[in-house]
Every structure is written in C-alpha cells, then in structure tokens.
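Below is one structure; the comments refer to it alone.
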Amino acid sequence: QVPSKASSPSSREATIGFMERTAQQWHQRHRVPSLLCLLLLAGAALAYLRTARLLATLTKSGGPPQLILPEPSRANFTRADATRAAAQNASAGAGLPTAALATAVLVETRCHPAFSLVLHSAVRNLGPDVPIVVVHSPHNAIFVRGVIAAIPELVDARQRIALQETRESEWGQPCPARRGNGCGIYSKDFWYSRMFTSLKFWEAFTTPYVLTLQSDTLMCRPFPTKKLVEQGASFTGGVSGMKAGFKRYTPVANPRNGVVLDQGEHLNGGVSFRSVQWVKNCIRKHQRREGWIEDELYRECRENDINGTIYETEVGAYTFSSDNGKTMCFEDPTSRSRMCPLCVHKPWIHGRKKKEAYAELQLGCPGLKMLQNLNGQGLQRGETCMAHDAKGGRPTTFKCQCGIPTRTSTPGFSKTTNGTKGVPPTETNAPGSSKTTNGTEGAPNGG
C-alpha cells in the first residue's frame, strides 16, 4: 500500500520506525549485522517513498506528464523536451553508455495509409540508439496511437517513440490558396515549410543530427547513423530539381562545394540527414520576414557557404536517397558494384519512366512497391483504419476515428492522452485532401 501523504513527516517517521524494528528482527533471526540491515532497508524505503510521491503526483494530475514541441506563439518557450526524453528513454531501454547521436522526426498530421509502413520501416532500420519523434495533429492522434498498438514491433519499441501533438495553423497556413484545385504546398506560407524553417522547431532537438521522414519516404536497409555522423556532412538529401529528369551518376572530382548541382538543382529535404547546428546557423543568417519554401532556404545556405558547412559528396548524395526518381541505383566508384540508395522519396514520379532502372530500385528497396500503392490511395476515413507493416504481412484493422466530426474542440496547441475519443478534425486535410496530377496524395512538404 502507498500512503496517501507519502511526503508528510508522519509518513516518514512511521517508515523509519518500521525500518528499525525490521532490522532488529533480521538481526535476531539471521544474525546479520544490524547496521547492514538498516542500510539495505534504507535503500528500499527510499525507493518506496519515491514511488509513493510519483503515484501521488500522477493521481493528482490524472496521468503521466505529456511532452510537447515548441509552440511558435508562446512567449515563455523552453527548449529541448521531446527529443531529450526520447533519447533518454532509448538509452535507458537499450543500456547505451552514451546519448543518442541523431533523432528521427516523422511529421504526419493526416490519417495517411502509408504512415504505418514508414514508421515500422524506421523502427526496424534505425536501431534502438535513434529515438523517433512523431509529430501529429489533434485529428489523427487516435490514428497514430492505433498504428503503434496494431504492429507488435512498434509496441516493443514504444519507449523510444515520442508522440508530439501540434496544429498546422500554429505554424502557417494549412492550405494556402493556389490556382486550380488543391493546396499551395510550394508556398512559403505553407505550415510545413514554416515549421521546418523555424528556429524554435530546431531548438527543440538536443541530438547533433536529425533524420527527417515523411509518409512518402522509406528506409531501404539498416541506416549507418554513426558513419554518417562521423562523415559530418551538414545537409544530406537526394539530388532533385533537375529539369532534364533522370540524372545518371558520373564520377567526378569532388569540388569544394561537394556534389555537382546544376542550375535549379538542390538536395531535397523530404528524407534528409541534417546537422542541427548548421540548420540553426542557416536560419539565423538567412531568415526573412516573408518566409521561405523549405528546400529553397537550405539551398540558399548551401550555395552561400554558411560558416562550418561540410558539403556532401557526389557518391554520398546518390547513396543516401533517390528523390522523385531523379537518381536511382548506380555503380559504386570504389567497389565497382551496383549500389542502391539507403532511402527513397516517392521515386515513382520520374523513376517509372525508366522501367529497368526502377525495377532495380524496387529490388534494392523492399517495401517500395507497397509504399507506391499506399500513396496512390486516398486518406483513411471512418471509425476503422488499416495498419501495414514493413514485412508485407496482412494489414491489421484498428479503431482510428478519422474524419469523424465531434461537438467539442480544444483550440490552440494541446496535448493528447491515451484513450481520447472523437478527436475533432480541426485542421484541413491539406495537402492530402485532393489528388495531385500524378494520382498520388500530396506529400507534407510537396517536395
């Protein structure tokens, strides 16, 4: 039993008296030195009192404390909550001697059919030393928790997955207007770009590197976190933005600015590995009142040689990711063997035009075919949803409450709790509320 007032003087005195009596009994029965007994019991009593205080706190607050990402409008913002807790939990659970080197962040505010596949793939390929932060919205909170509960490996990895709730409107416009139907996801006012170009967002991370993921990305094999950190590139992403389409790999002498990027090309942020300090330096130097499209800001910083920039190499960019299918598998210049990228970001957009090359990429990235199929579906809606694992097994049905309106709505930046029912769809489903021209759901940043 736990005393109702564990920290009161009477409780402490009663506990100490109990310790002394018990020590005397042990000494008489087992002839164990009383001092040793007293020391052992003191440790047990201390743990007992700490447990009592914790339970009393939880009873008073109604549950365990929730962690949240920074709210842009909050004046008294304090940094580094979610990733620090996730990293500590991951380290404690795996018995790691050092803090995590990187945090993976998956932002998904919709009931996206591929979310479960992407999260499960990340858990399997990142290993226990990389905490994962899932940033979700109020209207897909039940969906996100349902996905985790539906896949056993996600249940086992739950202590290293931090769930952080936010609202799109707290960062920018959920669905900026554009000509025609759909949302202006390439607008500098789009909430995703505003979030990823916000200094306060990046200040929430305590690990030196961050891996960004989306629901149209996939990890193809175990991720060499330590190796990439040791290489120290400031920003690594798939080569993208080529007007000519597919760009075949050609070994080049590595120039001062790293991978050769022609006019209009950039390293895409859809799936990327970033130095947090470099990103913050970039934002401090180049942020502007009217904002940026995310990829444009980091291209600007890369091209203008921010102090401390370590440029990614040609082979490094091709090995890291295939972005929109602009690059795919290639011949490694050292081993002369075929090399497929670690990750992909909707490579079917241009990759499917190169049938043989795309077939090779599919073989090198298990789950890519499923990722493409799921991104071709609409958002999940209704009381039940489907969770797809990275093993390709039969999908699991779970309760999700997606797109079901309710009477109540909590304004602003709020926390979620386990068992919440009827979370209101307070934001639009942009950018996934309408089909894009290629028949797939829009990615969170449209990149």
Side-chain angles (χ1 to χ4, degrees), residues 102 125 209-213 217-275 278-279 282 294-351 353-354 356-358 360-365 368 447:
N125 287 295
Y209 278 82
V210 164
L211 171 69
T212 64
L213 297 168
T217 67
L218 192 68
M219 305 188 73
C220 303
R221 60 180 184 274
F223 195 76
T225 307
K226 185 177 180 181
K227 181 180 179 181
L228 289 173
V229 170
E230 290 174 348
Q231 291 175 352
S234 300
F235 187 108
T236 301
V239 181
S240 191
M242 291 83 76
K243 295 181 180 179
F246 181 71
K247 184 175 184 179
R248 192 175 302 279
Y249 174 76
T250 53
V252 295
N254 193 47
R256 182 180 68 85
N257 288 341
V259 57
V260 176
L261 297 176
D262 298 329
Q263 184 66 30
E265 296 177 356
H266 61 275
L267 299 181
N268 191 276
V271 53
S272 61
F273 197 65
R274 318 184 194 198
S275 162
W278 181 85
V279 168
C282 169
E294 181 205 358
D295 287 335
E296 289 186 354
L297 171 61
Y298 298 115
R299 179 176 62 190
E300 174 77 13
C301 292
R302 188 179 182 279
E303 292 177 351
N304 285 276
D305 195 19
I306 294 294
N307 289 337
T309 298
I310 300 177
Y311 294 96
E312 183 55 87
T313 63
E314 189 91 358
V315 67
Y318 274 71
T319 302
F320 182 79
S321 174
S322 169
D323 188 85
N324 283 269
K326 297 294 184 70
T327 65
M328 288 188 274
C329 305
F330 64 102
E331 182 179 289
D332 184 273
T334 302
S335 65
R336 296 298 178 185
S337 60
R338 297 294 293 176
M339 175 69 71
C340 290
L342 283 165
C343 312
V344 294
H345 177 213
K346 54 178 179 181
W348 54 86
I349 300 299
H350 292 281
K353 300 175 184 177
K354 299 281 186 178
E356 292 185 3
Y358 191 61
E360 180 185 22
L361 182 62
Q362 286 182 312
L363 288 175
C365 190
L368 173 54

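For clarity, every value in this text was computed on a predicted model and none was experimentally measured.
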Ignoring hydrogens, what is the shortest heavy-atom contact between [X] and [Y]? Give both atom names and the distance.
| X | Y | answer |
| --- | --- | --- |
| F320 | V271 | CE2-O, 3.4 Å |
| F235 | L267 | CE2-O, 3.4 Å |
| A102 | F273 | CB-CE1, 3.9 Å |
| Y298 | C282 | CD2-SG, 3.7 Å |
| G316 | T236 | O-CG2, 4.5 Å |
| M328 | A357 | CE-CB, 3.6 Å |

inquiry  = Check the orientation of Y318 and F330. Use parallel for under 30°, tilted for 30 to 60°, and perpendicular for over 60°.
reply    = perpendicular
Can you check whether [Y]'s main-chain N or O pairs, donor with acceptor, with [X]'s side chain at less than 3.5 Å?
| X | Y | result |
| --- | --- | --- |
| Y311 | R302 | yes |
| S322 | T327 | yes |
| R221 | P341 | yes |
| S234 | I310 | yes |

key: Check SG atoms, C340 and C329, less than 2.5 Å apart   = yes
query = SG of C220 to SG of C343, below 2.5 Å?
reply = no
request  = Quick one: do T212 and S272 satisfy side-chain hydrogen bond (donor to acceptor under 3.5 Å, both in side chains)? Show the steps, please.
outcome  = CA-CA 5 Å; T212 64; S272 61; 2.7 Å; yes
query = Would L228 and Y209 satisfy side chain to side chain contact (heavy atoms under 4.5 Å, CB included), going step by step from the backbone distance to the final call?
reply = CA-CA 10 Å; L228 289 173; Y209 278 82; over 6 Å; no
Rounded distance (nearest 0.5 Å) linking atom [atom1] of [X] with atom [atom2] of [Y]:
| X | Y | atom1 | atom2 | result |
| --- | --- | --- | --- | --- |
| R338 | E331 | CZ | CD | 7.0 Å |
| E356 | E360 | CD | CD | 9.5 Å |
| L211 | T225 | CG | OG1 | 7.5 Å |
| E303 | T309 | CD | OG1 | 11.5 Å |

Derivation of the side chain to side chain contact (heavy atoms under 4.5 Å, CB included) call for K326 and N268 = CA-CA 11 Å; K326 297 294 184 70; N268 191 276; over 6 Å; no
ask   = When you check the side-chain N and O atoms of H350 and N324, is any donor under 3.5 Å from an acceptor?
value = no
